[in-house]
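Written below as structure tokens is the structure these notes are about.
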Amino acid sequence: MFKHTGPAYLDEVMWKIIPETSTRMATLDTGESAVIEYLVPSDVQRYQKDKRFKVLLIDTPGAPRMNVLNVTKPPLDNLNVRRAIAYATDRVSIVDNLFKGVYMPAYGPLEKSTFGYDPAVEKMYPFDLNKAKALLEEAGWKSGPGGIRVKDGKPLETLFVVQTNDQWDEVAQMWQAQLREAGIDMKITFESSPTVFATYNKGTQHFADFFFWSPDPVFLFSMFHSKSIPSNFNWAHYSNPDVDKMIEASMAEGNAAKRAALVQEIQKKVMEDATIVSIHTKRTVMALDAKLDGLAFTFQTYPYFYDLHYTQ
């Protein structure tokens, strides 16, 4: 990984915590900072075009940014309703409009760089508003006042509890508009972490937002095993004995090919059951002084500064 031996090139690295994104970017513009992380996606192109800087977009393993569907809370306890939500989601539009090429659309529970990723998930729920509407009709939800569907005199209302300051506000709002086109009225509220995790585990919400960093799919246990209800990350409140067995088998399997096959089966099943709607990939996004070279990253995209140095 490293290109030299002996002492690091830099004498020291000073870290600054600057919560406000515009202020953080301004420190790079003025030279106060040499490297910054977490850029506003719309500003990435500005730094890419400015010869004073360079931009690093590093793909990360684990679980992509996604919305988790609570399969136990009506009306999401109906499979057709959950599948309709998946078909009504135009993730490509969300990514194109909000992230300007910084992130890519995601489709399943794993990032492409994660062991066992199954590309078949990319074809499971293409955006199809007509199919979404048909599935809702089949589930008994008929068109009602204001375009919101109704069943047994009740509107098709859902609740999305979004983590505060989690860079998910605009995604939630675009998703809200897309689901409304299918006749689903999604309410949005915000709650800060870590208290929001208790809310997700309690299951008062229909939707939760989630992502995970890991080079290995062992975290599927936390996401989908029934033992991860209600004190881990199984915010779908999903319990499937077959999936439990596959997850346990995948964690015990020592043969890489056999384990990859099990991981792919897990992905297929949780997608068939419409437990999640993935939106976009994760990336470590950094802008830095163009004269800096040698920044390296771990598998989880944590930076190594050992080779970092200034060029002439």
Note: Leu28 and Ser33 closest approach over all heavy atoms is CD1-O, 3.4 Å
Self-check item: NZ/NE/NH1/NH2 to OD/OE distance under 4.0 Å, Arg52 and Asp50
Solution: yes
In this structure, CG of Asp242 is separated from NZ of Lys269 (nearest 0.5 Å) by 7.0 Å
Side chains of Val218 and Met251, heavy atoms from C-beta outward: is any pair under 4.5 Å?
yes
Between Ser93 (side chain only) and Asp90 (backbone N and O only), is there a donor and an acceptor less than 3.5 Å apart? no
Q. Is there a donor in the side chain of Ser22 and an acceptor in the side chain of Glu20, or the other way round, less than 3.5 Å apart?
A. yes
* **Flag side-chain contact, heavy atom, 4.5 Å: Thr60 against Gln300** => no
* Asked: Does some side-chain heavy atom of Leu308 sit less than 4.5 Å from a side-chain heavy atom of Leu292?
  -> yes
Check your understanding: So, Thr164 versus Ser192: side-chain donor-acceptor pair below 3.5 Å or not?
Key -> no
Practice item. Report whether Leu295 and Ile36 are members of the same hydrophobic cluster (ILVMFWY, side-chain heavy atoms less than 4.5 Å apart, transitive linking). Key: no
Note: Pro64 and Leu110 closest approach over all heavy atoms is CD-C, 3.7 Å
Answer yes when Arg65 and Asp209 have at least one side-chain N-carboxylate O distance shorter than 4.0 Å, and no when they do not. yes
side-chain contact (heavy atoms from CB on, under 4.5 Å) between Ile188 and Gln176, intermediate numbers included: CA-CA 8 Å; Ile188 300 174; Gln176 179 186 50; 3.7 Å; yes
Inset, instruction - Using modelled atom types only, decide if a donor and an acceptor are shared between the side chain of Asn232 and the backbone of Asn234 within a distance under 3.5 Å. - result: no
When you compare the side chain of Ser278 with that of Tyr107, does any pair of heavy atoms fall below 4.5 Å? no
Checklist entry - Is there a side-chain contact between Thr199 and Gln205 (heavy atoms, below 4.5 Å)? => result yes
Worksheet item: Can you tell me if CD on Glu272 sees more than 12 non-hydrogen neighbours from other groups inside 6.0 Å?
Response: yes
- Message: Between Phe233 and Phe210, is the ring-ring contact (aromatic ring centres under 6.0 Å, His included) condition met? List the steps.
- Response: CA-CA 9 Å; Phe233 297 118; Phe210 180 78; 5.7 Å; yes
Under 30°, 30 to 60°, or over 60°: which ring-plane class applies to His280 and Trp168, parallel, tilted or perpendicular? tilted
For residues 5-18, which side-chain donor-acceptor pairs fall under 3.5 Å, sequence neighbours excluded?
residue, atom, partner, partner atom, Å
Lys16, NZ, Glu32, OE2, 3.2

field: Main-chain N/O of His206 paired with Thr158 side-chain donor or acceptor, under 3.5 Å
entry: no
- Query: Are the side chain of Lys202 and the backbone of Pro230 linked by a donor-acceptor contact shorter than 3.5 Å?
  - Reply: no
Output yes when a side-chain donor or acceptor of Asp273 lies under 3.5 Å from a complementary backbone atom of Thr275, and no otherwise. no
Discussion item. Tell me if a side-chain donor or acceptor on Gln267 pairs with a main-chain N or O of Val263 at a distance below 3.5 Å.
Written reply: yes
ask   = Ignoring hydrogens and geometry, is there a side-chain-to-backbone donor-acceptor pair from Arg149 to Gly183 under 3.5 Å?
value = no
- Query: So, does Thr114 use its side chain to make a donor-acceptor pair with the main chain of Gly62 at under 3.5 Å?
  - Reply: yes
**OP:** Taking the six-membered ring for Trp and the single ring otherwise, decide whether the centroids of Trp175 and Phe160 are under 6.0 Å apart.
**Re:** yes
**Prompt:** Are Arg83 and Leu79 close enough that some pair of their side-chain heavy atoms sits under 4.5 Å apart?
**Reply:** yes
Original post:
So, His225 side chain and Met223 main chain: donor-acceptor pair closer than 3.5 Å or not?
Top reply: no
Closest non-hydrogen contact found for Ser239 with Ser226 is OG-CB, 3.5 Å
Evaluate ring-ring contact (aromatic ring centres under 6.0 Å, His included) for Trp235 paired with Phe197, printing each intermediate quantity in order. CA-CA 9 Å; Trp235 296 333; Phe197 302 148; 5.6 Å; yes
- Query: Looking at side-chain heavy atoms only, is the closest gap between Met25 and Tyr47 below 4.5 Å?
  - Reply: yes
Heavy-atom closest pair (Ile276 atom, Gly108 atom, distance to 0.1 Å) is CD1-C, 3.7 Å
Flag yes if more than 12 heavy atoms outside Lys268 fall under 6.0 Å of its NZ atom; otherwise flag no. no
Does atom NZ of Lys142 have more than 12 heavy-atom neighbours from other groups under 6.0 Å away?
-> yes
Identify whether the distance between the nearest side-chain nitrogen and carboxylate oxygen of Asp77 and Lys73 falls below 4.0 Å.
no
Within the supplied structure, the quantity of interest is the number of heavy atoms (other residues, nucleotides, ligands) at a distance under 6.0 Å from Lys131 NZ; does it exceed 12?
no
Here the pair of heavy atoms bringing Val40 nearest to Thr21 is CG2-CG2, 3.3 Å
Passes salt bridge (Lys or Arg N to Asp or Glu O under 4.0 Å), Asp216 versus Arg259? Steps please.
-> CA-CA 11 Å; Asp216 189 276; Arg259 184 170 183 240; 2.7 Å; yes
Open item on the list: salt bridge (Lys or Arg N to Asp or Glu O under 4.0 Å) for Arg46 and Asp29? Distances and angles first, verdict last.
Closed with: CA-CA 11 Å; Arg46 173 171 72 86; Asp29 294 334; 3.6 Å; yes
Any sub-3.5 Å donor-acceptor pair from Glu253's side-chain atoms to Asn255's backbone N or O? yes
* Does some side-chain heavy atom of Tyr87 sit less than 4.5 Å from a side-chain heavy atom of Leu135? -> yes
Original post:
How are the rings of Tyr306 and His4 set relative to one another: parallel (under 30°), tilted (30 to 60°) or perpendicular (over 60°)?
Top reply: parallel
Closest heavy-atom pair, Arg24 versus Tyr38, reported as atoms and distance to 0.1 Å, is NH2-O, 2.7 Å
Can you check salt bridge (Lys or Arg N to Asp or Glu O under 4.0 Å) on Asp59 and Lys112, steps first, answer last? CA-CA 9 Å; Asp59 292 324; Lys112 290 185 178 181; over 6 Å; no
CZ (Phe190) and CG (Asn165) are apart, to the nearest 0.5 Å, by 9.5 Å
